[in-house]
Amino acid sequence: MGSRSKERKVKKSRKSVSPSSKKKKRETKDDNKNDDPMEVEVKDQQNDKKDEDNLDTWDHSDRRVMVYNVQKFMNNKDIPKLTEKWLSTLDDPKSIEIPQWRKAPNSTWLLLTCKTKDMAAKLIKHINNTKITNPKTGKELLATTSESKNKRSRDDDDDENSKNKKNKDDNKEPETVTPLTDDQVRDKLTPLWKMSYEDQIEEKKLRMIKKCSIRVIKEIKKKFTSLAKEAKRNPKYCKATEHYDWLTTKGGIEVLDIIPSPTKYGYRNKCEFTFGYRTLTEDNDDKDKEPTRIPSVGCMAGGWSGGVSRPHMCSNMPWEACALSELMETFLKESPIPVYDNRSHVGLWRVMTIRTSRRTKECMVVIQHAPPKGGEAKTQTEDYTDAFQTEKKRLVKLLTSKKLPKVQRPGETSEEDSYYSLKVTSVFFQEYGGLSNPPPEYPVQHAHGKKHLTEILGKCKFRISPGAFFQVNTACAEVLYQIVVDRVKEVTANEKSSLLFDVCCGTGSIGLTCKKQGAVSNVIGVDISQPAIDDANANVELNKLHKSGDIRFIASKAEDVMRGETYEITKEDNKNNKSAVVAVCDPARDGLHPNVVRELRGTEKIQRIVYVSCNPTGSLIPDAVILCQPPTKRYPGLPFKPTYVQPVDMFPHTDHCELVMVFDRLTEEETESSGKDKKDDDKKESKKEEPKKTETKKEDPKKKISKKKK
C-alpha cells in the first residue's frame with residue numbers, strides 16, 4: 001500500500017500546475033487572438049532569434065577542439081594545469097577560456113570546449129604554430145576542430161535522410177575487381193610453393209615444436225598454478241599438486257621428424273569449387289577498357305570481392321579437377337541461369353564438389369544449387385524452375401558423355417597422363433536455400449551412375465558417400481594409418497582380447513584397418529553422422545569382416561556409447577577375461593567435445609589414446625590439456641601424458657600438417673611421487689653444500705683465571 005500511495009503522489013505532482021502559470025497561458029492565448037497578424041509575425045521572428053541564441057548555448061560543436069598525441073595515461077585533474085602551460089606563452093593567457101574538457105581512458109586525444117568560437121580558432125592556431133610536444137613520446141600535438149557533421153538536426157525527417165543515403169550509394173561508382181595473378185593465388189592457397197620440399201618439412205617441424213608441444217606444456221603448467229591459488233583460498237576443498245615429472249624434464253614433449261608424403265603434386269582426392277565470376281587477365285593491359293567478367297567455377301582466393309580464380313596453377317590440385325572446372329565454364333557460358341551471388345543471394349549455381357579415386361578410376365560430382373524459386377533471403381524475383389530441368393539434363397550429359405579432356409597447366413609431367421582415362425561415374429544435385437554452408441549429412445538427389453565412390457586404402461576397400469569424411473591424400477593416409485596400427489599393437493599384442501574405441505569413426509577406415517591387420521579383436525565405432533555410419537557398416541561386409549569378431553558402428557554421441565560399453569567390459573573382467581582397451585580419435589578441425597574428453601579420461605579401462613589431429617596448433621591443445629591436467633571435479637580420473645608425437649605431411653606446399661599424438665595413462669604412484677624425488681635431491685644437495693661446524697669445547701673458569709695470573 002505504501003508504494004502505491006507514493007506512485008499516486010508522484011502522478012499528482014506531475015499533473016499539478018500552479019494557478020499563476022495557468023493565468024499566463026490564458027493571457028498569451030487571448031493576446032494572440034486580439035493582435036494583428038503583422039505583429040504576430042514580428043513576435044514569431046523575435047522568438048525564433050531567441051531560440052537560435054539558446055541553441056548556440058547548448059550546441060557547442062563549433063567551440064570544441066580536438067588535441068591529438070597527448071599523454072595516454074592522465075588524470076582529469078591534471079588537464080587544467082596542462083592547458084595553463086600551453087596558454088602561458090600567449091601575450092594574454094586569459095583571452096582563451098576552457099570551461100569544459102574530456103579525455104577517454106587509455107587514449108591519446110583530448111577534447112576541449114572553449115567559451116566562444118573565436119577562442120577555439122585562436123587555440124587551434126596557437127597549438128599548431130608553437131609546436132608543443134609530448135614530453136614522453138616526443139610527438140608534436142595536433143589541434144583540429146570537432147564538428148558534428150554526421151549529427152542529425154531535430155527538424156530533419158528520417159525519410160529525407162534515408163533518401164539522401166540511398167542517392168549517395170547510387171552515385172558511387174562500382175568497385176573494380178582486380179584479378180589476382182597466378183603467384184598471388186599460389187600464395188593464398190599453397191603458401192609454401194616457393195620453398196623446396198626439404199625446407200617445407202623443416203619449417204613445419206619447427207612450427208609443431210613451437211606452436212604445439214611447447215604450448216601444451218605451458219597450458220598444463222597454468223592449470224597447476226591455478227589449482228595452487230585455489231588451494232590457498234580454500235585449503236579444505238582444494239589441494240595443491242606439484243608438477244609431474246614429465247613436465248619438468250628438459251626435452252619436454254619430443255617431436256619426431258616429419259614423415260614426407262609419397263605424392264607431392266595433385267594429391268587431393270576431394271576439391272570444392274565455388275561458382276562465381278572470373279575476371280579475364282587479358283584486359284589488364286588496357287587501362288581504359290573495362291575488364292570482362294565471365295561466369296566460372298574455381299577457388300575464392302581473393303574472398304567474395306576478389307571473384308573466382310582457376311585452380312590450374314595450384315600444385316596440390318589434381319588434373320581431373322581442373323578439367324571438370326573447364327567443362328563447367330563452357331556449360332555456364334551457354335546457360336540462361338546465373339551463378340549464385342553471396343551478397344545479393346540471387347542466382348542458382350553455388351558449389352561443385354569433386355571426389356576422385358585414381359586407384360578405382362571413379363569420379364563423383366556433386367552440384368549444389370539454390371532453390372529455383374529462391375531461398376531464405378527472398379530477394380530472388382525470377383523463377384528458374386522450367387529452365388533448371390532442361391539445364392540439369394544438359395549438364396549431366398556434358399559430364400558423362402566423354403572422358404575428361406586434357407588441360408594445359410604449368411609443371412606438366414608424363415606421370416599424370418595415365419589419369420586422363422578417368423570418367424565421371426556418378427552425379428548428384430543438392431538443393432540448399434540457406435545462407436551458410438549445409439551440414440555434411442544434408443540430403444542429396446542422385447541423378448546419374450553409382451550412388452557411392454569406392455576407394456582402396458591399404459588392404460581395405462571403402463565405400464564413400466557424397467557427404468562422408470575421408471582423408472584427402474590417399475597415399476599419405478596409408479602411412480598415417482600404419483602408424484596408428486603400430487601404436488595400437490604395442491598395447492594389444494600380448495592380450496587375449498582387445499577392444500578399440502573408434503571415436504569420430506566416419507566411414508570406419510581406422511577401425512577396419514586395425515581389424516584387418518590383426519591389431520584388435522573387437523571394434524566399436526561411434527559417429528554422430530548417420531550416413532557415415534551407414535557407409536561404415538557397408539564397409540564391414542565389403543571387406544568380409546562381419547564374421548570375425550565383434551564389429552559395431554553406432555550413430556550416437558561418443559560419451560553415451562562408452563559408458564555402456566565400459567560397463568560390459570568390467571563385467572567380463574570380473575570373469576577373469578581381461579581385455580586391453582585402446583581409443584583412437586580422429587576428429588574434425590574443431591576437435592573433440594569436452595564431454596567426450598571427460599568420458600575418455602573418466603573411463604579407467606582406457607590405458608592409451610591415439611589422437612589423430614588435423615589441427616595440431618589449434619584444437620589439439622585444449623584437448624591435450626584436459627587429458628593431462630590434474631584431476632578435478634569436472635574432469636576426474638588419473639591423467640594421461642604424451643609419450644609419442646609423430647607429424648605426417650598430409651598437405652604438401654601448405655602450412656598444415658597431420659599429427660599423431662599418443663597419450664598413456666599415469667599410475668597412482670607416478671602422480672603421488674611427483675615432486676618427491678626433487679625434494680629429496682634438493683635436501684641432499686643442501687646437506688652437501690652446508691660446511692661442517694667445528695665443535696668448540698668449553699673451558700673451566702678456574703683454568704682461565706690461572707692462565708691470566710701466569
What do the steps show when you test N595 against E599 for side-chain hydrogen bond (donor to acceptor under 3.5 Å, both in side chains), and what is the final call?
CA-CA 6 Å; N595 293 337; E599 197 64 31; over 6 Å; no
Ion pair E203/K205, N-O distance below 4.0 Å:
no
Any chance the side chains of N316 and W193 put a donor and an acceptor closer than 3.5 Å?
no
Looking at every heavy atom in both V503 and A558, which two are closest together, and how far apart are they?
CG1-CB, 3.9 Å
May I ask you to check if R601 and F640 form a cation-pi contact, with NZ or CZ under 6.0 angstrom from the six-membered ring centre and within 45° of the axis?
no
Step through the shown structure and confirm whether more than 12 heavy atoms of other residues, nucleotides or ligands are within 6.0 Å of CD on E604.
no
In short, E478 meets G458 closest at the heavy-atom pair OE2-N, 2.9 Å
Rounded to the nearest 0.5 Å, the CD1 atom of I79 sits from the CH2 atom of W101 at a distance of 7.5 Å
Report yes if the side chains of I609 and L627 come closer than 4.5 Å at any heavy-atom pair, otherwise no.
yes
Exam field: side chain N543 to backbone L545, donor-acceptor pair closer than 3.5 Å
no
Does any part of the side chain of M650, heavy atoms only, come nearer than 4.5 Å to the side chain of V472, both counted from C-beta?
no
With rounding to the nearest 0.5 Å, note down the distance linking CG in L638 to OG1 in T671.
6.0 Å
Answer yes or no: is there a side-chain heavy-atom contact under 4.5 Å between L500 and I524?
no
Less than 3.5 Å apart, any donor N or O on the side chain of N234 or E230 sitting next to an acceptor on the other?
no
Is it the case that atom CD1 in I528 sees more than 12 heavy atoms from other parts of the structure closer than 6.0 Å?
no
Under a 4.5 Å cut-off applied to non-hydrogen side-chain atoms, are D586 and I510 in contact?
yes
Please name the residue in the list V584, L600, D623 that meets the side-chain contact (heavy atoms from CB on, under 4.5 Å) test with Y611.
D623
Is there a donor-acceptor pair closer than 3.5 Å between any side-chain N or O of S107 and the backbone N or O of K103?
no
F663 ring centre to K641 NZ or CZ under 6.0 Å, with the angle to the axis within 45°?
no
Verdict with supporting geometry, R598 and I626, side chain to side chain contact (heavy atoms under 4.5 Å, CB included):
CA-CA 8 Å; R598 180 175 60 184; I626 295 173; 5.9 Å; no
Between CD on residue Q607 and CZ on residue R665, distance to nearest 0.5 Å:
6.0 Å
Test item: side-chain donor near acceptor, T474 and E455, under 3.5 Å:
yes
For L192, does its backbone N or O pair with a side-chain atom of Q200 as donor and acceptor, under 3.5 Å?
yes
Please determine whether side-chain hydrogen bond (donor to acceptor under 3.5 Å, both in side chains) holds for the pair N522 and S497, giving the CA-CA distance in whole Å, both sets of side-chain angles, and the decisive distance to 0.1 Å.
CA-CA 8 Å; N522 303 319; S497 63; 5.8 Å; no
Do the non-hydrogen side-chain atoms of C628 and W246 ever get within less than 4.5 Å of each other?
yes
Is the backbone N or O of M74 less than 3.5 Å from a side-chain atom of D78, with the two atoms forming a donor-acceptor pair by type?
no
Okay, side chain of D535, backbone of A468: is any donor-acceptor separation there less than 3.5 Å?
no
Quick one, Y244 and L666 - any side-chain contact, counting heavy atoms below 4.5 Å?
yes
Any non-hydrogen side-chain atom of L480 less than 4.5 Å from a side-chain atom of E658?
yes
Has E441 got a side-chain atom pairing as donor or acceptor with P531's backbone, closer than 3.5 angstrom?
no
Separation between CZ (F651) and OG (S261), nearest 0.5 Å, reads 10.0 Å
Can you name the nearest heavy-atom pair linking C614 to P587, along with the distance?
SG-O, 4.1 Å
So, K204 and D649, do they make that salt bridge, N to O below 4.0 Å?
yes
How far does OG1 of T643 sit from CD of E254, to the nearest 0.5 angstrom?
11.5 Å
In plain terms, say whether R487 and E490 are close enough for a salt bridge, that is, a side-chain N and a carboxylate O under 4.0 Å apart.
yes
Does the side chain of D534 pick up a donor-acceptor pair with the side chain of S465 at under 3.5 Å?
no
Quick check: does any side chain N or O of N134 sit under 3.5 Å from a backbone N or O of K139, one acting as donor and the other as acceptor?
no
Where do F470 and L457 come nearest, in terms of heavy atoms and distance?
CZ-CD1, 3.6 Å
Under 3.5 Å donor-acceptor pairs involving side-chain atoms of residues 209-223, not counting sequence neighbours:
unit_1	atom_1	unit_2	atom_2	d
S213	OG	I209	O	2.8
R215	NH1	T617	O	3.1

If you measure only the distance, is there a donor-acceptor pair under 3.5 Å linking the side chains of Y68 and T108?
no
Approximate separation, where rounding is to 0.5 Å, of L206 CG and I201 CD1:
12.5 Å
More than 12 heavy atoms from other groups under 6.0 Å of NZ on K188:
no
Go through Y481 and S509 one step at a time and tell me if the side-chain hydrogen bond (donor to acceptor under 3.5 Å, both in side chains) criterion holds.
CA-CA 9 Å; Y481 287 178; S509 55; 2.9 Å; yes
Would you say the side chain of S226 lies within less than 4.5 Å of the side chain of K229, judging by non-hydrogen atoms?
no
Take S498 and V582 through the side chain to side chain contact (heavy atoms under 4.5 Å, CB included) test and state the conclusion after the steps.
CA-CA 8 Å; S498 57; V582 183; over 6 Å; no
Would you find a donor on one side and an acceptor on the other, under 3.5 Å apart, between the side chain of D664 and the backbone of R608?
no
Can you tell me if NZ on K489 sees more than 12 non-hydrogen neighbours from other groups inside 6.0 Å?
yes
Any sub-3.5 Å donor-acceptor pair from H653's side-chain atoms to C314's backbone N or O?
no
Contact summary for A536 and G508, nearest pair of heavy atoms:
CB-N, 4.0 Å
May I have the step-by-step check of side chain to side chain contact (heavy atoms under 4.5 Å, CB included) for V523 and L512, ending in yes or no?
CA-CA 8 Å; V523 177; L512 295 178; 5.9 Å; no
Give me the atom names and distance for the closest heavy-atom approach of V610 to V488.
CG2-CG2, 4.4 Å
Would you find a donor on one side and an acceptor on the other, under 3.5 Å apart, between the side chain of K515 and the backbone of S521?
yes
What verdict does the side chain to side chain contact (heavy atoms under 4.5 Å, CB included) test give for N106 and F73, after you've listed the backbone C-alpha separation in whole Å, the side-chain angles of each residue and the deciding distance to 0.1 Å?
CA-CA 6 Å; N106 300 335; F73 302 101; 2.9 Å; yes
